[in-house]
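A quick write-up on the structure given underneath.
The structure displayed is predicted, hence computed values, not measured ones. Residue numbers count from 1 along this sequence.
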Amino acid sequence: MYNRIFISLFCILFFAKDTRATHLVGGEIYYDCLGNDDYQITLKVYRDCINGVALFDNPAAIGLFDAVTGALLANYLLYNPVVVPISSTISVPCYIPAPGTICEEEATYTHLQNIPGNTNGYLLVYQRCCRNGTIVNLNMPGDQGSTLVAYMPPANLAVCNSSARFNYFPPIYLCQNIPLIFDHSATDPDGDSLVYELCAPYGGANSALPMPQPPNPPPYLSVVWQPPYNASYQMDATPALAININSGIMTGTPNMMGTWVVGVSCKEYRNGVLICTSIRDFQFNVIQCQAIPVTGQIAGNINSQVLNCTGLTISFSQSSSNASNYYWNFGDPTTTSDTSNLPSPTYTYAASGTYTVTFIVNPGSSCFAIDTVHLTVTEMPDIVFTAPPPQCLTGNSFDFLATGQWGPLANITWNFGALATPATDTGFNPQGIIYSAPGAFPVTVTVNENGCIDSHTDTVIVYPMPAFVPPGPVAGCTPLTVQFQGDTAPAIYTWHFGDGDSSNLPSPSHIYYNPGVYDVTVIVQTTTGCIRTDTFYIPGMVTTDAQPTAGFTVSPDSVSMYDAHVVVTDQSMFGSHCVYYFGDGTSGVNNCNPSHTYTNYGLYTIMQLVYNGVCADTAYQQVEVYPEFTFLIPNAFTPNGDGLNDYFFPEIMATEDYHFMIFDRWGMLLFETYMTTQGWDGKFMGRLCQEDVYVWKVEFIRSVDREWEKHIGHVSLIR
């Protein structure tokens with residue numbers, strides 16, 4: 001039975017709200033997988049900031065338990081939460097709570113932790129007491145706390161799982177005898193299937209030990225209900241409180257005032273297998289509600305006006321008070337989709353005409369307002385033209401033609417730019433426009449009808465007299481392939497490559513087989529448009545060098561890390577100089593026959609880079625530096641800031657999975673690190689520790705034989 005309880009256990013998201021609680025209003029815990037066994041844990045805790053007597057925990061303790069055995073594996077301390085106030089909410093739009101009747105705060109803790117997967121799964125647990133003493137449906141609620149649990153499934157069920165989290169904060173107030181409709185849905189970052197149901201939340205901690213650090217181990221019991229209430233009958237409501245298993249929509253009509261604890265579960269399925277269950281534990285405050293005045297009016301600039309110059313797309317706005325929901329009907333008889341629930345929507349009509357627009361605030365509720373206007377819309381004038389084909393500067397003359405939609409009273413204006421003759425025109429078909437310089441010229445045509453304006457801009461291209469841009473220098477190793485590039489305009493090309501070969505292709509490719517420096521000549525003659533012939537001489541355009549061959553030996557190729565010195569002997573050919581990289585992060589060595597000393601064990605790859613002008617080649621050799629184990633640790637240190645013996649840590653080599661910890665005489669963890677180069681400075685939480693004898697503990701795996709070692713000892717802190 002013990003295994004059955006925890007194999008199905010829970011990624012708990014916990015909420016509880018009560019304006020008269022002595023401290024605890026609720027909370028939630030969930031996690032996100034970041035990859036490589038790294039997780040971000042998020043803890044949210046809520047408290048009553050009017051009647052509450054306890055501040056948020058600092059630190060808050062989250063225990064990591066084995067999900068099958070219940071063993072405590074780690075205790076994480078989360079410090080300095082981000083605290084923000086929570087705004088009052090109500091389930092219906094007809095009531096606003098009296099000011100000052102409620103004050104709730106949210107504290108958010110985050111923690112990054114590496115948690116390797118296991119075969120049993122884990123439980124992340126936070127516990128706190130106590131609940132509001134006036135809760136109706138719990139027995140002795142003032143001495144009942146809560147347990148927040150996030151279940152991390154084993155790897156055979158889900159790898160790198162992120163738990164589901166609920167989307168919306170429940171309303172603080174419900175109105176007696178007014179139907180409740182609340183979206184209780186959740187989101188799963190992995191896209192798993194979610195199923196919802198009512199359930200019993202967990203209790204945990206008590207007034208004698210309200211904030212256990214670490215939390216108590218599992219199993220965890222549900223809250224103790226006050227008869228006749230239970231997990232299926234959680235509060236008085238007609239119809240009864242219910243939740244849709246697929247959508248998470250909660251419904252019911254509460255018929256008794258008071259404060260009620262309610263539990264909702266969200267089950268997470270992957271490929272049809274249940275991998276996690278998220279439980280939300282929260283409070284509803286059922287009160288009597290009175291209707292409040294509601295107003296709603298369509299903005300005056302729309303009301304009963306002819307809207308020229310806006311076209312068929314209209315942006316609507318409104319003024320309203322005490323509104324939570326909206327309904328627009330735009331009066332378009334051509335469709336049934338002419339409605340919106342946005343506060344300020346936009347709608348596009350199918351054609352010009354006069355339409356009746358209806359606006360309703362809080363539709364379907366007991367407090368609503370309605371407004372109606374008559375709206376006339378007209379289409380915008382539309383104008384466009386197609387730019388004529390490009391022309392050469394010499395003898396250019398362009399004709400234009402505007403098309404589109406406008407009436408007989410419309411005015412048309414062309415703007416061809418300052419370098420055009422003429423620069424402007426007012427006809428729909430101007431001709432003979434001449435440009436005085438080459439370039440790309442924006443041309444704009446504008447139509448103005450009854451103050452409504454539309455315009456269109458396109459670009460006219462005027463080509464300059466043809467010219468050829470000589471290619472830049474090219475350098476490389478033999479055999480070197482050079483791609484020569486001609487202009488895209490129609491032309492006849494003659495290329496002379498400087499090595500006795502030539503080509504009449506516009507963009508030929510040529511191979512240079514011998515080292516040297518080559519002068520290139522190209523003759524360009526255009527055949528249409530702007531006709532001319534140019535000869536371009538490009539001295540030294542191509543430079544080629546012989547390809548070097550890299551090669552070297554290293555001796556020895558296997559050394560102890562205590563004498564990790566190697567010597568390199570160059571065997572390259574045709575290179576002018578060489579550079580070596582020894583694979584340990586050190587800078588390159590500009591020496592063809594260097595030596596090098598390694599400072600750590602490992603398998604290193606030495607790279608040789610051989611140069612000859614612009615040509616290069618590489619060669620590689622491997623060197624093994626094998627580890628030898630060392631472990632030394634002092635029995636005292638003096639962290640007095642004099643630069644001598646200020647840090648306490650072991651001198652250790654050739655280890656993996658290193659973990660070093662410091663405890664005081666009562667077993668409190670003062671310091672821990674996973675880095676062999678990081679030591680304790682004699683401080684805890686930034687404050688100096690007193691002179692005393694402290695306990696140290698170190699665990700690691702020896703790299704030489706993959707065996708675990710654990711050592712415990714004492715160290716004296718001396719000022």
Side-chain angles (χ1 to χ4, degrees), residues 4-17 26-35 39-44 46 67 89 91 106 108 110 115 117 121-126 146-171 180-202 220 222-223 231-232 234-235 237 239-252 261-284:
R4 184 169 67 252
I5 292 175
F6 293 105
I7 289 298
S8 63
L9 254 169
F10 302 109
C11 320
I12 306 296
L13 299 170
F14 174 92
F15 281 85
K17 302 176 175 56
E28 61 174 299
I29 183 172
Y30 57 88
Y31 57 87
D32 292 276
C33 179
L34 307 179
Y39 291 84
Q40 175 165 291
I41 303 169
T42 300
L43 170 67
K44 292 187 177 182
Y46 304 91
T89 56
S91 62
E106 175 192 76
T108 301
T110 57
I115 306 177
Y122 299 103
L123 301 177
L124 291 167
V125 180
Y126 172 77
S146 65
T147 299
L148 283 63
V149 184
Y151 175 60
M152 304 181 71
N156 67 318
L157 286 183
V159 177
C160 194
N161 184 61
S162 295
S163 61
R165 67 288 318 264
F166 290 95
N167 295 323
Y168 305 109
F169 202 84
L180 165 69
I181 300 177
F182 173 63
D183 184 356
H184 228 120
S185 63
T187 296
D188 184 78
D190 304 315
D192 296 324
S193 299
L194 304 180
V195 175
Y196 307 92
E197 63 183 18
L198 296 175
C199 70
Y202 285 120
Y220 303 114
S222 63
V223 295
S232 300
Q234 300 187 10
M235 65 182 294
L241 196 67
I243 189 167
N244 186 283
I245 62 173
N246 297 316
S247 67
I249 299 298
M250 174 175 281
T251 57
V261 169
V262 178
V264 170
S265 73
C266 172
K267 294 184 178 181
E268 180 182 341
Y269 288 86
R270 184 173 299 178
N271 298 323
V273 177
L274 177 64
I275 64 172
C276 198
T277 300
S278 303
I279 295 180
R280 173 180 269 181
D281 174 352
F282 59 98
Q283 290 180 192
F284 277 146

Quiz item: What's the spacing between N246 CG and S185 OG if we round to 0.5 Å?
Solution: 12.0 Å
Practice problem: Give, for atom CG of L274 and atom NZ of K267, the distance between the pair rounded to the nearest 0.5 Å. | Solution: 6.5 Å
Quiz item: Counting only heavy atoms not in N271, do more than 12 sit closer than 6.0 Å to its CG atom?
Solution: no
Quiz item: So how far is it from E28 CD to S146 OG, rounded to the nearest 0.5 Å?
Solution: 12.5 Å
Quiz item: If every non-hydrogen atom of N161 is compared with every non-hydrogen atom of Y39, which pair is closest and at what distance?
Solution: O-CE2, 3.7 Å
Quiz item: Where do Y122 and I115 land on the side-chain contact (heavy atoms from CB on, under 4.5 Å) test, with the steps shown first?
Solution: CA-CA 9 Å; Y122 299 103; I115 306 177; 3.6 Å; yes
Quiz item: Can you name the closest pair of heavy atoms from S265 and T277 and give their distance?
Solution: CB-CG2, 3.9 Å
Quiz prompt | Verdict with reasoning, L180 to T251, per side-chain contact (heavy atoms from CB on, under 4.5 Å) | solution = CA-CA 5 Å; L180 165 69; T251 57; over 6 Å; no
Exercise. Specify the closest pair of heavy atoms between Y220 and Y202, including all atoms of both residues, with the distance to one decimal.
Key: O-CE2, 3.3 Å
Self-check item: Partner of R165 by side chain to side chain donor-acceptor pair (under 3.5 Å), out of T42, D32, T187
Solution: D32
Exercise. Could you tell me the separation between the OG1 atom of T147 and the CD1 atom of I279, rounded to the nearest 0.5 Å?
Key: 11.0 Å
Practice problem: Could you label the plane-to-plane angle of the H184 and F282 rings as parallel, tilted or perpendicular, counting under 30° as parallel and over 60° as perpendicular? | Solution: tilted
Self-check item: Taking every non-hydrogen atom, the tightest pair across P153 and I275
Solution: CB-O, 3.8 Å
Quiz item: Atom CZ of R280 and atom OG of S278: how far apart are they, to the nearest 0.5 Å?
Solution: 10.5 Å
Exercise. Could you tell me whether the side chain of L148 reaches within less than 4.5 Å of the side chain of V125, counting heavy atoms only?
Key: no
Exercise. Given side-chain contact (heavy atoms from CB on, under 4.5 Å), test I29 with K44 step by step and report yes or no.
Key: CA-CA 6 Å; I29 183 172; K44 292 187 177 182; over 6 Å; no
Quiz item: Is any side-chain heavy atom of L241 less than 4.5 Å from a side-chain heavy atom of V262?
Solution: yes
Quiz item: What are the two closest heavy atoms between P201 and V261, and how far apart are they?
Solution: CG-CG1, 3.9 Å
Quiz prompt | Under 3.5 Å donor-acceptor, D190 side chain and S162 backbone | solution = yes
Exercise. Quick one: pull up CG in L34 and SG in C160 and give me the separation to the nearest 0.5 Å.
Key: 7.5 Å
Quiz item: Is the F182-F169 ring centre distance short of 6.0 angstrom?
Solution: no
Quiz item: Can you name the nearest heavy-atom pair linking I243 to L198, along with the distance?
Solution: CG2-N, 3.8 Å
Quiz item: Y196 vs F166 aromatic rings, parallel, tilted or perpendicular, using cut-offs 30° and 60°?
Solution: tilted
Quiz item: Does Q234 use its side chain to pair, donor to acceptor, with the backbone of G263 at less than 3.5 Å?
Solution: yes
Quiz prompt | Heavy-atom side-chain contact between T110 and I41 under 4.5 Å | solution = no
Practice problem: Verify side-chain contact (heavy atoms from CB on, under 4.5 Å) between V195 and E197, making sure each step is shown before the conclusion. | Solution: CA-CA 7 Å; V195 175; E197 63 183 18; 5.9 Å; no
Quiz item: Is it true that a side-chain atom of Y31 and a backbone atom of Y151 form a donor plus acceptor pair closer than 3.5 Å?
Solution: yes
